[in-house]
Amino acid sequence: MDVDVETTLHMKEGLGDTSYARNSSLQKKSVDLVKRMIINSATDVYVSETPQSFAIADLGCSSGPNALHLVGDIIKSVQEICRNSSRATPEFLIFLNDLPKNDFNALFTSSPEFINMVKSSGIKAEGCSPPSVCLNGVPGSFYGRLFPKNSLHFIYSCNALHWLSQVPLGLFNNEGKSINKEKLYISYTSPAEVAKAYFKQYQKDFNLFLKSRSAEMAHGGQMVLVMSGRQTLDHNDKRTTFLWEALAQSFATMVSQGRITQEEVDSYNAPFYAPCAAEIEEEVEKEGSFIVDTIQAYEIDICTGDAKKDGRTASMAIRAVQESMISHHFGEEVIDHLFDTYSKLLGQLMEKERRKAVNIIAILRKTN
């Protein structure tokens with residue numbers, strides 16, 4: 001089934017109980033574990049280049065409380081460097097990018113408060129004026145050009161690059177039947193062709209991403225990428241596939257209840273890929289514009305000890321990012337029951353075994 005990811009995949013908008021803004025704590029936890037590395041990369045670029053206008057892009061910014069938190073910390077760190085070295089604070093040009101259906105209105109509404117907060121809570125020193133901060137919304141897919149040539153000094157993308165530009169080709173046979181029956185993603189029951197199809201789509205997308213950023217980034221710039229990943233070459237890493245396997249089980253329950261059909265499930269596939277470090281390094285080397293300064297996989301504990309609460313937290317996090325696509329495919333009427341089933345199943349599974357997820361952070365420096 002052809003799916004227009006750009007129009008159907010977007011975080012749940014608004015501030016309601018099921019919105020991304022209310023259900024992004026797991027994403028924040030992931031970024032918090034590596035936040036200092038991201039800030040250090042940004043300040044390294046500033047110290048080496050000392051631009052009068054420091055241009056920063058957040059790719060896949062979404063619209064919840066996480067969207068402006070990290071850039072605020074980067075601004076404060078640069079201010080501190082300027083104070084300690086008696087430099088004038090640069091202007092900050094902040095570009096917030098996501099797909100066109102992202103809730104940019106929420107970002108724009110909160111931007112005056114954010115700018116006032118940065119100015120009032122920043123590093124204060126005699127003779128130093130508050131920083132000038134210019135926020136810009138940039139709708140569009142990051143699998144393509146978004147900015148003018150050589151215009152950016154620092155780019156970061158958190159919890160976005162594991163989403164592909166489209167569902168991979170090759171998941172259906174010549175008769176249009178799924179070769180990955182009853183599954184939404186790569187599984188231990190999947191034929192080898194499924195993993196190959198996902199990997200091929202990842203290679204195509206990530207190469208285009210690197211080429212686009214290479215054109216847009218000034219020489220000496222750096223890029224930090226944080227995404228879901230694997231610690232092994234094996235695509236069936238349970239820490240990566242756990243949430244997808246449980247969602248597939250929840251769909252199976254709904255099929256057994258007659259709420260949806262097996263054909264509908266078999267034609268639904270997640271536009272998602274969690275690479276390992278070696279796959280990222282290989283694509284960076286092939287594209288040739290960047291070198292990998294740092295790359296590492298790290299675990300995120302998604303359990304707190306309260307299995308029922310943890311199941312609901314994980315379920316709501318997945319709902320916030322998948323509801324738009326599932327509604328488009330199955331209809332809005334299935335959503336509440338599906339995620340109630342999913343939440344209960346996750347709670348049961350987490351009661352039996354403490355679960356962790358895997359993310360990867362890669363710090364790339366432009367050389368060409």
Please verify the inter-ring angle class for Phe154 with Tyr156; under 30° counts as parallel, over 60° as perpendicular, anything in between as tilted. tilted
Tell me the closest heavy-atom pair linking Ala278 and Leu233, and the distance in Å. CB-CD2, 4.3 Å
Would you call the rings of Phe54 and His153 parallel, tilted or perpendicular, where under 30° means parallel and over 60° means perpendicular? tilted
Check the pair Glu351, Lys308 against salt bridge (Lys or Arg N to Asp or Glu O under 4.0 Å), reporting the backbone distance first and the verdict last. CA-CA 8 Å; Glu351 185 73 48; Lys308 183 177 180 180; over 6 Å; no
Mind checking whether His219 and Asn150 have side chains closer than 4.5 Å, heavy atoms only? no
Check against salt bridge (Lys or Arg N to Asp or Glu O under 4.0 Å), Arg319 and Asp340: CA-CA 10 Å; Arg319 176 172 180 167; Asp340 182 60; over 6 Å; no
Take Thr304 and Asp310 through the side chain to side chain donor-acceptor pair (under 3.5 Å) test and state the conclusion after the steps. CA-CA 7 Å; Thr304 65; Asp310 294 337; 2.8 Å; yes
Applying salt bridge (charged side-chain N to carboxylate O under 4.0 Å, His left out), which residue pairs with at least one partner in residues 137-155 are found, sequence neighbours left out? Arg145-Glu216
Among Ser212, Ser157, Cys158, the one residue meeting side chain to side chain contact (heavy atoms under 4.5 Å, CB included) with Leu59: Ser157
Tell me the closest heavy-atom pair linking Met350 and Gly311, and the distance in Å. SD-N, 3.7 Å
Sorted by chain and residue number, the side chain to side chain contact (heavy atoms under 4.5 Å, CB included) partners of Val255 (sequence neighbours excluded) come out as Ile260, Gln262, Val265
Gap between atom CD of Glu299 and atom CZ of Arg239 - 0.5 Å precision: 5.0 Å
Do Ile291 and Leu364 sit in the same hydrophobic cluster, where Ile, Leu, Val, Met, Phe, Trp and Tyr count as joined when their side-chain heavy atoms come under 4.5 Å apart? no
Sorted by chain and residue number, the side chain to side chain contact (heavy atoms under 4.5 Å, CB included) partners of Ser111 (sequence neighbours excluded) come out as Leu135
Going through the checks in order, is the side chain to side chain donor-acceptor pair (under 3.5 Å) test met by Tyr185 and His235? CA-CA 10 Å; Tyr185 181 57; His235 285 95; over 6 Å; no
Parallel under 30°, tilted from 30 to 60°, perpendicular over 60°: which one fits the rings of Trp163 and Phe272? perpendicular
Honestly curious: do Phe108 and Ile94 fall in one hydrophobic cluster under the side-chain, below-4.5 Å linking rule? yes
Quick check: Tyr273 with Phe206 (ring centres under 6.0 Å apart)? no
Candidate pair Leu161 and Tyr143, rule side-chain contact (heavy atoms from CB on, under 4.5 Å), full reasoning: CA-CA 10 Å; Leu161 263 173; Tyr143 293 121; 3.7 Å; yes
Looking at every heavy atom in both Ala57 and Leu152, which two are closest together, and how far apart are they? CB-CD1, 3.9 Å
Evaluation steps, salt bridge (Lys or Arg N to Asp or Glu O under 4.0 Å), between Glu279 and Arg230: CA-CA 10 Å; Glu279 290 170 344; Arg230 314 191 312 274; 3.1 Å; yes
